[in-house]
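Worksheet: one structure, shown below.
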Amino acid sequence: MDPPQAVHLGPRRKRPRQLGTSVASTPHDIRFRDLVLFILEKRMGTTRRAFLMELARRKGFRVENELSDSVTHIVAENNSGSDVLEWLQVQNIKASSELELLDVSWLIECMGAGKPVEMTGRHQLVVRTSSPSPALGSQNIPPPTVQKISQYACQRRTTLSSNYNQVFTDAFEILAENYEFRENEGSCLTFMRAASVLKSLPFPITSMRDTEGIPCLGEKVKCVIEGIIEDGESSEVKAVLDDERYKSFKLFTSVFGVGLKTAEKWFRMGFRTLSKVKSDKSLVFTRMQKAGFLYYEDLISCVSRAEAEAVSVLVKEAVAAFLPDALVTVTGGFRRGKMMGHDVDFLITSPEATEEEEQQLLHKVTDLWKQRGLLLYCDHIESTFEKFKLPSRKVDALDHFQKCFLILKLHHQRVDGDGSSQQEGKDWKAIRVDLVLCPYERRAFALLGWTGSRQFERDLRRYATHEQKMMLDNHALYDKTKRVFLEAESEEDIFAHLGLDYIEPWERNA
Ligand code: CTP
Ligand code: MN
Ligand code: MN
């Protein structure tokens with residue numbers, strides 16, 4: 001995917017001058033002569049790239065403005081190794097096998113250390129071959145077809161492209177949602193787990209014999225499968241889709257800020273449409289619900305990947321204006337490779353910031369957007385994080401990091417330079433954005449926790465508790481047997497602590 005080329009930021013936007021390329025020519029002594037760096041602008045942005053180039057030069061690194069044969073290390077952000085190779089190909093540059101492709105985290109660590117740090121697996125960008133085969137490490141592992149399917153989503157690889165059982169999983173998700181609306185948590189979970197396990201199956205179910213040996217398929221679930229195999233549809237699902245309560249709850253909860261309690265209240269009061277709810281004089285709406293109604297059409301139309309990329313540029317620029325060393329990572333569904341989302345989620349962390357700088361960052365960022373007229377809704381949640389708090393026992397517990405739930409105004413990207421192709425009237429779309437800020441040493445836990453999917457997270461915690469006697473949440477991992485907190489620099493470290501094979505983000509679509 002190409003980065004957005006022309007995000008319209010409004011007339012007040014100015015590039016911080018001191019970060020311009022003019023400064024880049026200031027001579028610095030080169031201390032590390034074996035390395036020649038090139039920093040890729042794609043998905044990083046001009047401002048942050050200029051900042052990092054200047055910083056690296058100040059620390060004695062040789063950084064080239066242009067890519068040339070002398071470059072030994074390419075540093076990129078939010079790009080896979082394949083992305084970088086593809087970019088090189090487009091530039092008509094042949095990559096030699098000695099060229100190092102590295103994630104920006106390596107450079108940031110070098111800056112912290114004041115010298116080149118060792119390049120490990122977590123820094124090196126992965127180049128995927130065309131047919132990724134699942135990692136079958138040991139010779140004792142049977143071939144995939146007879147491999148036992150785990151009851152835990154964190155021991156399965158669930159990609160987006162290969163759901164052979166969508167007829168069943170769609171049905172289960174509707175039934176689960178209906179149980180959720182009726183606050184029947186047990187049955188809701190039963191059907192969500194069943195949907196999740198079928199999503200990971202490498203074959204379609206065509207007869208009841210195919211369901212043998214698959215975990216998480218109880219009597220109730222098998223009944224629905226049987227119905228669909230026999231009639232092509234499920235009578236239970238049909239009944240739910242026709243149900244007044246289900247239809248009303250679905251409609252009401254589609255408004256940002258409306259949860260089960262409010263939906264229940266409106267339903268009991270006899271409301272069945274949003275226009276009746278909106279025009280009722282006796283109802284009092286929260287600030288969130290008011291925004292939900294105001295931007296309703298935009299918010300129910302999903303966020304595309306291109307829009308997510310454009311928001312990502314906005315977030316990175318704003319964060320870099322206050323904390324240039326901060327790492328901003330897209331999490332949630334977009335990190336799992338989804339093409340659409342209901343919002344865009346970000347994790348922000350800084351290796352250098354003081355506690356105070358950290359505490360103020362999100363406020364400064366939202367103030368900046370407010371000044372620019374881009375902030376349509378903002379809800380700050382202050383941090384309740386404590387260093388030695390044990391991870392929560394609850395599978396669905398909320399985390400303690402500072403965060404904000406936002407609605408941002410994203411201007412449409414110009415199709416051509418002069419703007420004449422802009423349609424009349426509204427030239428922007430309201431987009432839901434979540435920003436989470438975590439202490440640098442907790443970034444791996446926060447990243448794992450905010451990447452999802454929800455089902456994957458639930459099963460990670462369930463697995464930690466029941467199979468390892470450990471406690472995991474978005475902040476930490478605690479070993480109850482040894483009574484120690486287990487530290488992690490990367491998601492790979494956490495999987496390793498848990499004794500799990502590493503599952504890539506795009507395989508976590510459980
Ligand atoms: N999450 C969390 N605490 C919250 C909200 C979310 O830990 N208060 C985590 C969940 O694990 C979830 C992830 O953050 O998987 C992203 O949440 P969300 O945006 O709701 O879901 P997505 O998977 O991104 O899906 P969508 O495309 O609908 O946004
Ligand atoms: Mn999301
Ligand atoms: Mn979210």
Side-chain angles (χ1 to χ4, degrees), residues 153-154 158-160 173 176-177 180 189 192 195-196 199 250 253-259 288 291-292 298-309 311-312 315 328-349 362 377-385 391-408 410 430-438 442-464 471-477 491 494 503-510:
C154 55
T158 316
T159 56
L160 287 164
E173 280 169 356
E177 196 175 31
E180 187 194 348
L189 258 177
M192 292 221 283
S196 174
K199 281 182 192 174
K250 186 92 183 141
T253 56
S254 73
V255 180
F256 174 59
V258 177
M288 210 180 199
D298 279 0
L299 296 184
I300 57 161
S301 86
C302 281
V303 183
S304 70
R305 257 196 111 77
E307 286 163 344
E309 283 276 354
V311 172
S312 166
V315 174
V328 178
T329 312
V330 174
T331 61
F334 286 109
R335 182 157 186 259
R336 301 195 308 273
K338 277 172 64 173
M339 297 308 286
M340 292 285 194
H342 95 282
D343 67 356
V344 199
D345 308 284
F346 294 91
L347 178 69
I348 303 168
T349 188
L362 293 185
Y377 173 85
C378 173
D379 187 8
H380 278 279
I381 314 283
E382 289 302 331
S383 166
T384 52
F385 175 76
S392 168
R393 286 174 190 284
K394 280 198 249 152
V395 178
D396 278 314
L398 293 178
D399 73 39
H400 300 285
F401 297 130
Q402 191 191 143
K403 49 182 121 15
C404 46
F405 305 120
L406 311 172
I407 301 177
L408 287 189
L410 181 71
I431 309 255
R432 272 273 300 114
V433 174
D434 288 342
L435 304 182
V436 183
L437 181 82
C438 75
R442 303 306 173 102
R443 68 197 181 284
F445 298 101
L447 182 61
L448 181 60
W450 276 85
T451 298
S453 68
R454 266 168 212 275
Q455 195 56 39
F456 190 89
E457 301 296 331
R458 278 195 201 105
D459 281 5
L460 263 177
R461 290 174 200 188
R462 227 162 41 91
Y463 178 88
M471 295 159 86
L472 171 74
D473 68 5
N474 288 8
H475 322 89
L477 177 62
E491 290 178 312
I494 304 173
I503 307 282
E504 298 281 1
W506 57 88
E507 297 168 328
R508 299 182 204 160
N509 286 289

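Atom set for the values below is all heavy atoms of this structure, side chains included, hydrogens, waters and symmetry mates excluded. Atoms within a ligand are numbered from 1 in the order they appear, just like the ligands themselves.
- With atom 9 (C) of ligand 1 as the reference point, the heavy atom nearest to it among A308, G452, G449, S453 is part of G449.
- Proximity to D343 (heavy-atom distance under 4.0 Å) selects the following atoms of ligand 1: 19 (O), 29 (O).
- In this structure, atom 7 (O) of ligand 1 lies nearest to the protein heavy atom N474 ND2, 3.0 Å.
- Looking at heavy atoms from C-beta onward, F401 lies in side-chain contact with C438 at the 4.5 angstrom threshold.
- Side-chain atoms of R336 come within 3.5 Å of backbone N or O of T451 as a donor-acceptor pair.
- Taking the Mn ion (ligand 2) as reference, D343 places its N/O/S atom OD1 nearest.
- Ligand-side atoms of ligand 1 in range of G332: 16 (C), 24 (O), range being under 4.0 angstrom from any heavy atom.
- The shortest N or O to N or O distance between D434 and ligand 1 is not under 3.5 Å.
- Of the candidates K403, K338, R508, Q455, K338 brings a heavy atom nearest to atom 27 (O) of ligand 1.
- The nearest N/O/S atom of D434 to the Mn ion (ligand 3) is OD2.
- Checked for salt-bridge contact, R335 and E507 miss the test: no charged N lies under 4.0 Å from a carboxylate O.
- Using a cutoff of 4.0 Å between basic side-chain nitrogens and carboxylate oxygens, D434 and R432 are scored as salt-bridged.
- Here the protein heavy atom with the shortest distance to atom 24 (O) of ligand 1 is G333 N, 2.8 Å.
- The shortest contact between atom 3 (N) of ligand 1 and any protein heavy atom is with W450 CZ2, 3.6 Å.
- Close N/O approach between T451 and ligand 1 is not found [any backbone or side-chain N/O within under 3.5 Å].
- Of the protein's heavy atoms, none falls inside 4.0 Å of atom 21 (O) of ligand 1.
- Taking only non-hydrogen atoms, the option from R454, M340, E457, R432 nearest to atom 18 (P) of ligand 1 is R454.
- Each of the following atoms of ligand 1 lies closer than 4.0 Å to a heavy atom of L398: 8 (N).
- Remark: the backbone N or O of S392 is paired with a side-chain donor or acceptor of D473 at under 3.5 angstrom.
- The part of D345 lying near ligand 1 is the side chain, judged by heavy-atom distances below 4.0 Å.
- Under 4.0 Å is where a charged nitrogen must lie from a carboxylate oxygen, and between E491 and R443 no such pair does.
- Each of E173, E177, R458, R454 was checked for a side chain to side chain contact (heavy atoms under 4.5 Å, CB included) with M192, and the lone residue meeting it is R458.
- As for D345, its N/O/S atom nearest the Mn ion (ligand 2) is the one called OD2.
- Less than 4.0 angstrom separates some heavy atom of R336 from each of these atoms of ligand 1: 23 (O).
- Close approach of ligand 1 to H342 is summarised as follows: ligand atoms under 4.0 Å from at least one heavy atom of the residue are 19 (O), 20 (O), 26 (P), 27 (O), 28 (O), 29 (O).
- Without hydrogens or angle criteria, H475 side chain to P391 main chain gives no donor-acceptor distance under 3.5 Å.
- The aromatic ring centroids of Y377 and F405 lie 6.0 Å or more from each other.
- When all heavy atoms are compared, the tightest approach of G332 to D345 is CA-OD2, 3.6 Å.
- Within ligand 1, counting atoms from 1 as listed, the ones closer than 4.0 Å to a heavy atom of G341 are 27 (O).
- Looking only at distances, a side-chain donor or acceptor of S453 sits under 3.5 Å from a matching main-chain atom of A510.
- Defined by atom type and a distance below 3.5 Å, a donor-acceptor pair is present between the side-chain atoms of D399 and W450.
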